Amino acid sequence: MTWKQQKYDKMGKSKSKESPSRKLMHASSSDVQLHIYGVPFSLNRGLLAARSSKLAALLKENHEDDISHLLKDIPTDSETFELVARFCHGFDINLSPENIIKVLCLAHYLGMSEIHSTNNLTKKAGLYFQNNVLSSWNKTLKALKSAEIILQQAADLSLVDACAESIIAKVLHNPSLLGEPLRNVTTTDDDSENDENAYKPNIKRRLFVHDWKSEDLTLLSIALYEPIIRAMVHREVPLEYVASSLFQYLSKWVFLDTKREDDDPSTCERNSQREIIEAVERLLPQEKGLIPSSLLSKMLQSAIILDAHTECKSGLETRIGKQLDQATVKDLLIPAQGYAKEEQYDTESVKRILKNFYSNYASTEKSGLVVVAELVDDFLAEVSSDMDLKLNTFLSLAELSQAATAGTNRNSDGMYRAIDIYLDKHRYLTDWEREEVCRVLDCSKMSPEACDHAAKNEKLPVRVTVQILFSVQLKLKDNVTKRIQRGPDNRLLKLEGDEVDVKGTNNSEEEMMKAEMEKMGNKVLELEKECHMMRREIQRGSYQHKIQKEKTSMWKEMKRKIGCMTSLHETNCHVKKKKVHPR
C-alpha cells in the first residue's frame, strides 16, 4: 500500500489541496477506514496491526472496512493520529515539545510497546521526552501546555508529574526563572508603568545569559499552575519569587489592562477569571510586605468586579489590613460596584480593612497607628467630594481613626481638610448635621495655619469657630505662663532678629521683661473672659447672625490684642524693646 500521491498537471503544479497523508489514491481490500474527529483516513490493516496491539486485536475480531465506532474514546486529535499512522507506515515523523505528550498518550492507548514490536513508538517518543524535553525549561513548559487537552491521560502516565518535577527542580536551582522579586515601587502618576516594571527581569541578563528563558508559568492553565506553585512553596522556593510569578499570572489572565491581544479570548471568560483570582488568593504568601499593597488592592477590585467568593474578598481585605501602614490613598479607592450603588467608593470594604489593621496591630510603637490615621484623613479628603457620601459613613471612618490614635500628638490638619471639603460639597446639610461632622475634629491639635483658615471659614458652625479660637487662647496662655515661670538664668530672647543671652544682664532689664510678660498674661485673661461670654451667648441662641459675620475678625482681633502674629508654640511676641548689647 502506498500513500496518496499528489497529481501534477503539465505545468508541474499540484491539483490536490488535501494532505497527501489523509487518503489513499487507490483503496484496496486490505485497507481500513477510520474517521478521527471528522477527518477520514484510509490505512493498511497489516501495517497498523504490526505496530499496535490494540488495533491488531480489533482488526482480528472485526472484518468491516470502517472501525471508527470502536475508537470513540481515542485520546487524540487528527494531527497526532496522522503522525502515528505515518510511523506505522514507515515514514519519518517529527516529534516536538508541542506534540510529544499527545504522541505518548496515543502510543500507550494503541499498545505500541516493545513487547508488541521492537523499536516501537512508545520507546522512541519516551527517549525524546526524557532527553530533549525535560532537560529544557522552555520545552518542558510547552510540552506541559500541550497536555491540557488530554490532562487525565497524561497524568495517569505520570507525564504531568515528570514535567512538574523538572520545572520545580530548575526553579530550586535558579529561583529567578519565576521572575525578579516584586518591588514596592513609589506611587506616581504612571502607576501602570510601575506595575509592569515591578517584576520585569534584568534586560542585560536576557541578552548575555545563554538560553535565557522565553517562556514562563503564565503559559499554563490554572489547573496546572496551582499545584505546581503549591509544590514549590512546600519545597521552600523563596517566597519573593513565588510572589513575582503570581503577579505575572494575574497580569496576564485577570488584569484586563495588561492582557495581551494574542491571548485566546475563551480562556479569559468571566468564570475563568473568577476561578483564577480565587486560586491565586489561596496561593498568596502570608508574610507581610511580600506583595505590595497596590497589587493586593488591584486584586481586591478585580475580585469584587468578578463577584468572587466571599472568602477570597475577605482574605484580600485581611492581607491589605495587615500592612495598611504601607498603603497609599489610591490603594483604598475601591470603586463601588452594581447598579444600586449608593456611593462612588466601596467604603464598607475600607472599614473592614481598617478593623483588620487595628485588630492585628501588635507593635508597642504608636507610629504605625499615626501613619494609618493620617492615611484615613487623606482618604476622607479624597472621597468627601462624592455628593452621595453619607454622613454616617464619613463619621464612622473618622471615628475609627480618631479612637485608634487617642493619646498621641497627631496633628488634626488632615481631618480639618476632609471636613472642609465635605461641608463644601454638601451644602444642603442642616446646622445639626454640620455640628455632627465637626464633632470628630480635635481643635486643640490644629496647626496655627489651620486655625487661621478655620477662623475665616464660613462653612463651619459658629460654635466650632469659637471652640477653635478658645483652644488657641489656651495655648497662648499656657505658653505665656511657662515663659513667666522660667528663671532668668536660661532665657534666650529674640529681639529684632538678634539672639541675646539674658544671663548676666542687669536686674532692671530682667524686671522690664517680667513686666512685659505679666502684661501679656493679663491680655490672655481678658481674652478668656471674652470667649466665655461668646460661649454663653451662643448657648442662649442669641447674636448668632452677628457672630457669624464677625467671626473672621475675631481671630485678627485676638492676635492684635495678644500681640502675637506668628507661631503659637513659640509665642514670638512683637514687643518693642530697646536693643540690649552685652557689656
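Note that the structure is a prediction, hence the values are computed from the model and not measured. The figures here come from the full heavy-atom set of this structure, side chains too, leaving out hydrogens, waters and symmetry mates.
Here the side chain of T140 pairs a donor or acceptor atom with the backbone of S136 at under 3.5 angstrom. No side-chain donor-acceptor contact under 3.5 Å links E240 to the backbone of L182. Of the possible polar contacts, one joining the N120 side chain to the R51 backbone as a donor-acceptor pair under 3.5 Å is found. Of the possible donor and acceptor atoms, none in the side chain of S401 sits under 3.5 Å from a partner among the backbone N and O of A398. Y109 places no side-chain N or O within 3.5 Å of a backbone atom of P75 that could act as its donor or acceptor partner. For the pair D331 (side chain) and T328 (backbone), a donor-acceptor distance under 3.5 Å is present. With hydrogens and angles ignored, the 3.5 Å screen pairs a side-chain donor or acceptor of H116 with a backbone N or O of A49. Of the possible polar contacts, one joining the S166 side chain to the L134 backbone as a donor-acceptor pair under 3.5 Å is found. For the pair D386 (side chain) and Q344 (backbone), a donor-acceptor distance under 3.5 Å is present. Using modelled atom types, no side-chain atom of H89 and backbone atom of F91 make a donor-acceptor pair closer than 3.5 Å.
Looking only at side-chain heavy atoms (C-beta outward), D346 and V350 stay at 4.5 Å or farther from each other. Side-chain contact between L332 and E382 is absent, with no heavy atoms from C-beta onward closer than 4.5 Å. For the pair L127/K123, a side-chain contact is recorded, criterion being any heavy-atom separation below 4.5 Å from C-beta on. Side-chain contact between E148 and L220: present, with at least one pair of heavy atoms (C-beta onward) separated by less than 4.5 Å. Side-chain atoms of L43 and C88, non-hydrogen and from C-beta on, never get closer than 4.5 Å to each other. Using a 4.5 Å heavy-atom threshold, the side chains of L157 and I101 count as separate. Proximity of T310 to S314: side-chain heavy atoms (C-beta onward) are separated by under 4.5 Å at one or more points. With contacts defined as side-chain heavy-atom distances shorter than 4.5 Å, the pair L400/V376 does not qualify.
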Intermediate values then yes/no, side-chain hydrogen bond (donor to acceptor under 3.5 Å, both in side chains), Q301 and S297 = CA-CA 6 Å; Q301 293 180 47; S297 174; 3.3 Å; yes
Dump the intermediate steps for side-chain hydrogen bond (donor to acceptor under 3.5 Å, both in side chains) on K142 and S146, then the final yes or no.
-> CA-CA 6 Å; K142 290 177 181 177; S146 70; over 6 Å; no
Apply side-chain hydrogen bond (donor to acceptor under 3.5 Å, both in side chains) to S96 and N99, showing your working.
-> CA-CA 5 Å; S96 69; N99 65 32; 3.2 Å; yes
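Remark: S135 pairs with no residue by the side chain to side chain donor-acceptor pair (under 3.5 Å) rule, at least two apart or across chains. Listed by chain and residue number, E226, R230, E278, A279 satisfy the side chain to side chain contact (heavy atoms under 4.5 Å, CB included) test with R282 (two or more places apart in sequence, or in another chain).
Counted within 6.0 Å of NZ on K170, heavy atoms from surrounding residues, nucleotides or ligands total more than 12; the atom is thus considered enclosed. Heavy-atom neighbours of E98 CD from other residues, nucleotides or ligands within 6.0 Å: above the threshold of 12. A 6.0 Å sphere centred on CG of N94 holds no more than 12 heavy atoms belonging to other residues, nucleotides or ligands. Heavy atoms of other residues, nucleotides or ligands lying less than 6.0 angstrom from CD of E236 number 12 at most.
Contact check on K355 versus E317 returns no salt bridge, with no Lys/Arg side-chain nitrogen under 4.0 Å from an Asp/Glu carboxylate oxygen.
Here the shortest heavy-atom pairing between K288 and K322 reads CE-O, 3.5 Å. Across all their heavy atoms, A155 and V160 have their closest contact at N-CG2, 3.8 Å. Taking each heavy atom of M299 and V280 in turn, the nearest pair found is CE-CG1, 4.0 Å.
With a 6.0 Å cutoff to the six-membered ring centre and a 45° limit on the axis angle, K298 counts as a cation-pi contact of F255.
Here the CG atom belonging to L110 is positioned 8.5 Å from the OG1 atom belonging to T76, to the nearest 0.5 angstrom. Considering CD1 of I167 and CG of L217, their distance stands at 6.0 Å, rounded to 0.5 Å. The CG atom of L290 lies 11.5 Å from the OG atom of S244; values are rounded to the nearest 0.5 Å. Rounded to the nearest 0.5 angstrom, C163 SG and I228 CD1 are separated by 8.5 Å. Put simply, CG on D77 and NZ on K102 are 4.5 Å apart, with the number rounded to the nearest 0.5 Å. Between the CG atom in L296 and the OG atom in S294 there is a gap of 8.0 Å [rounded to 0.5 Å].
Relative orientation of the F41 and F81 rings is perpendicular, given thresholds of 30° and 60° on the angle between their planes.
A donor and an acceptor atom, one from each side chain of Q248 and T218, are nowhere located under 3.5 Å apart.
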